[in-house]
There are 2 protein chains.
Amino acid sequence: MTPKPRKHRTPKIKVSDSTILRLSKYYRALVYWIERDVKTVSSDMLSQHIGGTPAQVRKDLSYFGAFGRRGLGYNVADLKGNIAHIMGLEKDWRVALVGVGNIGRAMLEYDPFRTQGFNILICFDSDPMKIGKTFHGVKVVNENYLEREIRENNIDIAIIAVPVFAAQSAADNCVAGGIKCIFNFAPINLNVPSDIFVKDENMAMEIESLSFALTNPTLARGN
Amino acid sequence: MTPKPRKHRTPKIKVSDSTILRLSKYYRALVYWIERDVKTVSSDMLSQHIGGTPAQVRKDLSYFGAFGRRGLGYNVADLKGNIAHIMGLEKDWRVALVGVGNIGRAMLEYDPFRTQGFNILICFDSDPMKIGKTFHGVKVVNENYLEREIRENNIDIAIIAVPVFAAQSAADNCVAGGIKCIFNFAPINLNVPSDIFVKDENMAMEIESLSFALTNPTLARGN
DNA sequence: GTGTGTGAAGGGTTTCACAGCA
DNA sequence: TGCTGTGAAACCCTTCACACAC
């Protein structure tokens, strides 16, 4: 009768990376509809909004629970809350930025970051001209102190935005400092223990895939 | 006897996006070895360098040709040349940047871009404070002229780095101007004709997948 | 009737294992 | 012998289709 609060379940199997990325998209779509006072959505609406199929939406969600009501669809606010909880988006994360170059500074200024609980608390660089200065309210510390500062500041996520030649040792120091999660912008395969989660953001790769798509219009597929 | 020049073949089937992204990695690895005067590599070396399996390396390459020599491996310079040709990396691409905000400026300053033949020739913005100015040697033009300028400058690739609310209309104007390839940083699903290749770079999604990985250490998988 | 939740089918990518060639 | 190239097997993800709940 009354809409029961739904608890999400934990899948027995590891869930695919594409499912997780789609959950992010669903989340953004739900925020969009909340702003517009839409109360209920169907898997069909969700799929159209993000560019997918209704079956896939239902499958993705079904890994974590039964959030909808048959014949009615999903309550927008509830589903948003459930996804936020599944993905840990209500939490605040303590983030460190290693390398205050162009990409690093773009991350500092990137708003969706801050507003979603990803707080860059400390920056590192090896350039004496930058050490001691403040960028966007965050102090730049000598990269030599990476391990200690990561540990003492209880950092959850390290963003590595240094040149290739410095990336592996930066990662090593982060790991030594106890980091469990790395967001890596350097176009190199970081060697880390298997319990460390590394997410690569390799702009060069993405760009080159555009070149491939233009060169081979008949071979390339979407994303 | 003499190492014959190998021509690459065109696959009969569409090749997966992950294969293309790995070709980029192989390419980077080969450049690395050329700098170090390594003449020959095996699929095993390649796979270790980028973090994969030897079988996958061979399979990926086999879609495009037989570039190795049984019992010997691959000639580094030849393979680099072949991959460059497959991916169109010897070409120069005419790129337009739509939106000169933080991300846009980071793209302007991003070196791997320029050095690989991706030339940002023109920028667009709607901010009167920016129009007419020059960033990194590139002039900023009023976004209203997007369609015309894209056409007249024969732009191959448009980078969309505007806020969400402006992204769809920017894409529409690019398409009207004849663009075939879009690199989209706005966290929104762009609606474009099916012959337009769109590559999404959604930082928020990537970041949220880190949050998921930290929240569910046992469920998350690599990249 | 409507739209979800899900086992089963289908399709695509990765891994295996070995033939074939240097 | 050593390592590639490649069909076949295994695996994973997506799509289908329908029972079921509202």
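Every chain is numbered from 1, with letters handed out A, B, ... down the list of sequences. Just the heavy atoms: all of them, side chains too, but no hydrogens, waters or symmetry mates, feed the values below.
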Name every donor-acceptor pair, under 3.5 Å, that has one atom in a side chain of residues 104-111 of chain B and the other anywhere in the protein, sequence neighbours excluded.
from: B/R105; atom 1: NH1; to: B/V100; atom 2: O; distance (Å): 3.1
from: B/R105; atom 1: NH2; to: B/N102; atom 2: OD1; distance (Å): 3.4
from: B/E109; atom 1: OE1; to: A/N102; atom 2: ND2; distance (Å): 3.3
from: B/E109; atom 1: OE2; to: B/H136; atom 2: NE2; distance (Å): 3.4

Using whole Å, what does the distance between atom [atom2] of nucleotide [N] and atom [atom1] of [X] come to?
X	N	atom1	atom2	result
A/L79	C/dT4	CG	C1'	12 Å
A/R58	D/dA21	CZ	C1'	14 Å
A/R69	D/dC22	CZ	C1'	8 Å
B/F67	D/dT4	CZ	P	14 Å
B/I50	C/dT14	CD1	P	11 Å

**Q.** Reading 5' to 3' through nucleotides 7-15 of chain D, protein heavy-atom contacts under 4.0 Å coded B for base, S for sugar-phosphate only, - for none
**A.** BB----SBB

Q: For the helix from C/dG1-D/dC22 to C/dA22-D/dT1, measure the angle between the helix axis at one end and the axis at the other, each built from five pairs, rounding to 10°.
A: 10°

Q: Could you say whether A/L61 or A/G71 is positioned toward the 5' end of DNA chain C, judged by the nucleotide with the nearest heavy atom to each?
A: A/G71

Table please: side-chain donor-acceptor pairs of residues 44-54 of chain B below 3.5 Å, with sequence neighbours left out.
from: B/S47; atom 1: OG; to: B/S43; atom 2: O; distance (Å): 3.3
from: B/S47; atom 1: OG; to: B/D44; atom 2: O; distance (Å): 2.8
from: B/T53; atom 1: OG1; to: B/Q56; atom 2: N; distance (Å): 3.2

Under the side chain to side chain donor-acceptor pair (under 3.5 Å) test, which residues partner [X], sequence neighbours left out?
X	value
B/R151	B/E147
A/W93	B/S211
B/D172	B/Q168

Q | Shortest non-hydrogen contact from B/S24 toward B/M87 | A | OG-CE, 3.7 Å

(Q) Restricting to ring pair (Phe, Tyr, Trp, His ring centres under 6.0 Å), what partner residues turn up for B/F113, sequence neighbours left out? (A) B/F118

Q) Pick the nucleotide of DNA chain D nearest each of B/R70 and A/L72; which residue has the one closer to the 5' end? A) B/R70

Run the side-chain donor-acceptor check on residues 34-41 of chain B: report pairs under 3.5 Å with partners two or more places apart or on a different chain.
from: B/R36; atom 1: NH1; to: B/Y32; atom 2: O; distance (Å): 3.1
from: B/D37; atom 1: OD1; to: B/K39; atom 2: NZ; distance (Å): 3.1

Q) Could B/K25 and B/D60 be called an ion pair, given the rule that one side-chain N must be under 4.0 Å from one carboxylate O? A) no

Q | Under the side-chain contact (heavy atoms from CB on, under 4.5 Å) test, residues paired with B/N189 that sit two or more places apart | A | none

**Q.** Partners passing side-chain contact (heavy atoms from CB on, under 4.5 Å) against A/A213 (at least two apart in sequence or in another chain)
**A.** A/A220, B/F197

Q) Among residues 38-46 of chain B, which contact DNA chain D at a heavy-atom distance under 4.0 Å? A) B/S42, B/S43

